[in-house]
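Labels below follow one simple rule: chain letters A, B, ... track the order of the sequence lines, proteins then strands, and each chain is numbered from 1.
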Amino acid sequence: MRVAVPHRWPVDRAEAEAIQDRLRPRVRVEPDDAPPPRPRLVAGLDVAYAKDDERLAAAVVVLDAATLEVVESVTTVGRAAFPYVPGLFAFRELPTLVTALERLTVTPDLLVCDGQGVAHPRRFGLACHLGVLTDLPSIGVAKQSLVGDHADPAPQRGAWSPVRDAGEVVGRALRTQTGVKPVYVSVGHRVSLAAATDLTLRLAPAYRLPETTRHADRLSREALRAALGTPA
DNA sequence: GCGACAG
DNA sequence: ATCTTGTCGC
């Protein structure tokens with residue numbers, strides 16, 4: 001698929017934040033009463049890092065939303081494009097993830113990202129960034145919270161509590177499995193928070209994390225191992 | 001000044 | 001994220 005590749009890459013924090021502020025207005029958040037999306041192909045994206053914190057491998061895995069079976073997968077190796085700074089995390093892995101997306105022969109109907117969407121200091125986390133670059137619906141499903149406060153959701157699968165930051169609801173702490181730590185769901189692009197929640201639950205029928213993320217996590221680690229075996 | 005801080 | 005074995009519990 002085609003991706004609107006960023007032309008200028010930030011060299012420091014100020015430039016990176018400026019890019020986020022410039023792209024932020026392009027994010028489209030659907031209202032919760034909007035017609036729910038019915039994606040047929042859902043893509044999971046993840047990145048594995050080498051211990052030297054520089055080389056990395058990205059994986060994009062496309063699943064059939066109905067059966068959760070793998071339709072296609074792509075892996076790419078690269079190098080960290082930015083130091084890790086909370087809030088600027090996307091700049092680390094964006095180039096390698098975009099390369100992987102461009103090698104996809106099918107176009108997914110939804111991107112499920114391993115990180116935040118609008119639950120971000122400038123309301124522009126990785127899921128928003130990838131959503132805007134591809135103009136595809138996207139959601140963020142993070143294992144940890146980045147901003148805001150929330151109550152602990154009830155222990156049952158499906159229970160959730162809003163994540164509020166600076167007076168606005170930016171995401172949900174969602175229990176995908178009874179008695180298991182919640183995940184943090186937020187809108188990336190062209191979806192509602194209600195739909196993002198519903199999709200996350202559907203994609204996580206048996207484990208805490210969505211099957212999309214689990215597949216991408218495993219494949220990115222395998223690709224990294226293979227790449228490290230052949231030092232560049 | 002102190003603590004928090006996606007992956 | 002990554003470094004890492006066994007171990008407690010359902």
A.B. asks: Under 4.0 Å, heavy atoms only, any strand: does A:L224 hit a base, just the sugar-phosphate, or nothing?
C.D. replies: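 If one applies the 4.0 Å heavy-atom cut-off, A:L224 turns out to touch nothing in the nucleic acid.
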A.B. asks: Could you see if A:V74 belongs to whatever hydrophobic cluster contains A:L56? Use Ile, Leu, Val, Met, Phe, Trp, Tyr and a side-chain cutoff under 4.5 Å.
C.D. replies: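 Same hydrophobic cluster.
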A.B. asks: Please round to the nearest 0.5 Å and tell me the distance separating atom OG1 of A:T176 and atom CG of A:L201.
C.D. replies: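 Reported value, rounded in 0.5 Å steps: 7.0 Å.
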A.B. asks: What nucleotide, of B:dG7, B:dA6, C:dT2, holds the atom closest to the side chain of A:R221?
C.D. replies: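 The answer is C:dT2.
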A.B. asks: Can you pull out the residues from residues 191-208 of chain A that lie within a 4.0 Å heavy-atom distance of DNA chain B?
C.D. replies: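 When residues 191-208 of chain A is checked for heavy atoms under 4.0 Å from DNA chain B, there are no hits whatsoever.
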A.B. asks: Nearest-Å distance, CD (A:Q20) to P (B:dA6)?
C.D. replies: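 Rounding to the nearest Å, CD of A:Q20 and P of B:dA6 are 14 Å apart.
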A.B. asks: According to a hydrophobic-cluster definition based on side-chain heavy atoms being under 4.5 Å apart (Ile, Leu, Val, Met, Phe, Trp, Tyr only), do A:V163 and A:L174 belong together?
C.D. replies: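 Looking at the clustering, A:L174 is in a separate group from A:V163.
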A.B. asks: Would you kindly give the CG-to-C1' distance between A:L228 and C:dA1, to the nearest whole Å?
C.D. replies: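 Between C1' of C:dA1 and CG of A:L228: 14 Å.
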A.B. asks: What verdict does the salt bridge (Lys or Arg N to Asp or Glu O under 4.0 Å) test give for A:D152 and A:R175, after you've listed the backbone C-alpha separation in whole Å, the side-chain angles of each residue and the deciding distance to 0.1 Å?
C.D. replies: CA-CA 9 Å; A:D152 193 40; A:R175 197 85 66 182; 3.5 Å; yes
A.B. asks: Rounded to the nearest angstrom, tell me the gap between atom CG in A:L56 and atom C1' in B:dG7.
C.D. replies: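 In whole Å, B:dG7 C1' lies 11 Å from A:L56 CG.
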A.B. asks: For A:Q116 and B:dG7, give me the distance from atom CD to atom P, rounded to whole Å.
C.D. replies: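 Roughly 7 Å, once rounded to whole Å.
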A.B. asks: Got a sec, which residues hit salt bridge (Lys or Arg N to Asp or Glu O under 4.0 Å) with A:D32, two or more places apart in sequence or on another chain?
C.D. replies: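 A:D32: salt bridge (Lys or Arg N to Asp or Glu O under 4.0 Å) contacts with A:R172.
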A.B. asks: Can you measure from NE2 (A:H215) to CG (A:L45) and round to the nearest 0.5 angstrom?
C.D. replies: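 With rounding to 0.5 Å, NE2 (A:H215) is 13.5 Å from CG (A:L45).
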A.B. asks: Tell me: CG of A:D46 to C1' of C:dA1, nearest whole Å?
C.D. replies: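 Rounded to whole Å, this separation is 9 Å.
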A.B. asks: Do A:L111 and A:Y184 sit in the same hydrophobic cluster, where Ile, Leu, Val, Met, Phe, Trp and Tyr count as joined when their side-chain heavy atoms come under 4.5 Å apart?
C.D. replies: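 No, no single cluster joins them.
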A.B. asks: Report the residues that fulfil salt bridge (Lys or Arg N to Asp or Glu O under 4.0 Å) with A:E168, sequence neighbours left out, ordered by chain and then residue number.
C.D. replies: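 By the salt bridge (Lys or Arg N to Asp or Glu O under 4.0 Å) rule, A:E168 matches A:R123.
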A.B. asks: Quick one: do A:R225 and A:E222 satisfy salt bridge (Lys or Arg N to Asp or Glu O under 4.0 Å)? Show the steps, please.
C.D. replies: CA-CA 5 Å; A:R225 280 189 56 189; A:E222 289 176 0; over 6 Å; no
A.B. asks: Heavy atoms under 4.0 Å, any strand shown: does A:G140 hit a base, just sugar-phosphate, or nothing?
C.D. replies: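 Since no nucleic acid heavy atom lies under 4.0 Å of A:G140, the category is nothing.
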A.B. asks: In whole angstroms, how far is the P atom of B:dG7 from the OH atom of A:Y84?
C.D. replies: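 A:Y84 atom OH is separated from B:dG7 atom P by 7 Å.
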A.B. asks: In whole angstrom, what separates A:R92's CZ from C:dA1's C1'?
C.D. replies: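 That distance rounds to 8 Å.
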A.B. asks: Identify all stems in which DNA chain B takes part, counting only runs of at least 3 consecutive pairs (Watson-Crick or G-U wobble, each distance under 3.5 Å), and give each as one range with another, ordered by first number.
C.D. replies: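 Stems found: none.
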A.B. asks: Between A:H120 (side chain only) and A:G87 (backbone N and O only), is there a donor and an acceptor less than 3.5 Å apart?
C.D. replies: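 Between the backbone of A:G87 and the side chain of A:H120 there is a qualifying donor-acceptor contact (under 3.5 Å).
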A.B. asks: Given 3.5 Å as the limit, does a donor-acceptor pair link the side chain of A:S73 with the main chain of A:V61, or not?
C.D. replies: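 Not confirmed, A:S73 side chain does not pair with A:V61 backbone.
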A.B. asks: Could you tell me if the side chain of A:P37 sits less than 4.5 Å from the side chain of A:L199, heavy atoms only?
C.D. replies: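 SC-SC contact between A:L199 and A:P37 confirmed.
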A.B. asks: Quick one: sort the A:F124 and A:H129 rings into parallel, tilted or perpendicular, breaks at 30° and 60°.
C.D. replies: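 Taking A:H129 first and then A:F124, their aromatic rings sit tilted (interplane angle of 30° to 60°).
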A.B. asks: Does anything in residues 143-179 of chain A reach DNA chain B, meaning a heavy atom under 4.0 Å, and if so which residues?
C.D. replies: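 Heavy-atom contacts with DNA chain B come from A:K143, A:Q144, A:S145, A:L146.
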A.B. asks: So which atom in A:A65 and which in A:P39 form the shortest heavy-atom distance, rounded to 0.1 Å?
C.D. replies: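 Where A:A65 meets A:P39 most closely, the heavy atoms are CB-O, 3.2 Å.
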A.B. asks: For A:F82 and C:dA1, give me the distance from atom CZ to atom C1', rounded to whole Å.
C.D. replies: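 A:F82 atom CZ is separated from C:dA1 atom C1' by 17 Å.
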A.B. asks: Hey, where does DNA chain C pair up into stems, meaning at least three consecutive Watson-Crick or G-U pairs with distances under 3.5 Å?
C.D. replies: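 DNA chain C forms no stems at all.
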